[in-house]
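Right, one structure below, let's go through it.
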Amino acid sequence: GRGVTHGQFIDFEYDRIPQSVRDEYCSIMDSIRISDHILEEVDKYTTANNFDDETVSVHIRTFYDSKQHHEALFSWDRCVEKIKKYKGRKIFLATDYKQLIQPIKEIMGENCVITREPSVEKYDSLIDMLILSKNNWMVGSPWSTFTELSWWLGGAKADIDICWKEDKWYA
């Protein structure tokens, strides 16, 4: 894959994106009209789970469905390292590999990890992205447009920590 571009593009650059570009993109994101029933589902979920200013969003894309991408992009150790920074806080976890939920609950505490069961089938990914976008802190996956779009939907303001597999990918 391509390496970090340091300004040539804005893909996966997060905090390196100039504020003027962030403002322009956020204006575009704000113009997207999301159906009321989807927004209601998001509000119902975040209210029922007592999201507050300390809740952390965690998106883990393991690429488990592609051995080549999984081995190249996913690091369980990096994910654990990043998530442990938020021990004792509530985290909302969205992942493509449900088998990670229990091990993360064991690390973080059973009551600290909340996940969402699919409920509105064709909108589940959008609902998860919108829920991820609600928090001030986000742990995300490298090269994941799901993580990146969640960050943009949240106004590009969340402190974001990406679980790069190797330091050289983002240094």
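Remember, predicted model here, so these are calculated numbers, not experimental data. The first residue of the sequence shown is numbered 1, and numbering continues consecutively from there.
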Quick check: are there more than 12 heavy atoms from other residues, nucleotides or ligands sitting under 6.0 Å from [atom1] of [X]?
X	atom1	answer
Asp30	CG	yes
Tyr86	OH	yes
Glu54	CD	yes
Lys44	NZ	no
Lys84	NZ	no

(message) With side-chain contact (heavy atoms from CB on, under 4.5 Å) as the test, pick out the partner of Ile104 among Val58, Leu93, Val80, Thr115.
(response)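 Going through the options one by one, the only one that passes is Leu93.
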(request) Please check if Tyr123 and Ile32 belong to a single hydrophobic cluster, counting links between Ile, Leu, Val, Met, Phe, Trp and Tyr side chain heavy atoms closer than 4.5 Å. (result)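 They do share one cluster, since a chain of ILVMFWY contacts under 4.5 Å joins Tyr123 to Ile32.
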(message) Would the distance check show the side chain of Asp96 and the main-chain N or O of Thr62 forming a donor-acceptor pair, the cut-off being under 3.5 Å?
(response) yes
Interatomic spacing from [atom1] in [X] to [atom2] in [Y] - rounded to 0.5 Å:
X	Y	atom1	atom2	answer
Ser57	Phe51	OG	CZ	6.5 Å
Glu41	Ile131	CD	CD1	7.5 Å
Thr55	Lys90	OG1	NZ	4.5 Å
Lys87	Ile107	NZ	CD1	7.5 Å
Arg22	Tyr14	CZ	OH	11.0 Å
Lys134	Asp43	NZ	CG	5.5 Å

(request) Kindly write out the residues that satisfy side chain to side chain contact (heavy atoms under 4.5 Å, CB included) with Glu81, not counting sequence neighbours, or none if the list is empty. (result)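 Expected list: Arg78.
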With heavy-atom distances below 4.5 Å as the criterion, would you say the side chains of [X] and [Y] are in contact?
X	Y	answer
Trp76	Pro103	yes
Ile101	Lys98	yes
Gln102	Glu110	yes
Asn135	Val56	no
Ile114	Ile91	no
Thr95	Arg61	no
Met129	Thr147	no

(message) Please evaluate residues Asn136 and Asp159 with respect to the criterion side-chain contact (heavy atoms from CB on, under 4.5 Å), reporting the C-alpha separation (whole Å), side-chain torsions for both, the decisive distance (0.1 Å), and the verdict.
(response) CA-CA 6 Å; Asn136 296 322; Asp159 287 335; over 6 Å; no
(message) Using every non-hydrogen atom in the two residues, find where Leu132 and Met138 come nearest and quote the distance to one decimal.
(response)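 Looking at all heavy atoms of both residues, the shortest contact is O-CE, 3.5 Å.
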(message) Could you report the tightest heavy-atom contact between Cys163 and Cys79, atom names first, then the distance?
(response) SG-CA, 3.6 Å
(message) Would Arg89 pass as a cation-pi partner of Trp137, given that its NZ or CZ must be under 6.0 Å from the six-membered ring centre and within 45 degrees of the axis?
(response)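 The answer is yes, since Arg89 meets both limits relative to Trp137.
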(request) Decide yes or no on ring pair (Phe, Tyr, Trp, His ring centres under 6.0 Å) for Phe74 and Tyr97, but give the supporting numbers first. (result) CA-CA 12 Å; Phe74 177 70; Tyr97 195 55; 8.0 Å; no
(request) Report the C-alpha separation of Ile17 and Trp152 in whole Å, then their side-chain angles, then the decisive distance to 0.1 Å, and conclude whether the side-chain contact (heavy atoms from CB on, under 4.5 Å) test is met. (result) CA-CA 12 Å; Ile17 301 169; Trp152 281 114; 3.6 Å; yes
(message) Quiz question: by atom type and distance under 3.5 Å, do the side chains of Asp23 and Ser20 form a donor-acceptor pair?
(response) no
(message) Would you call the rings of His59 and Phe146 parallel, tilted or perpendicular, taking 30° and 60° as the class edges?
(response) parallel
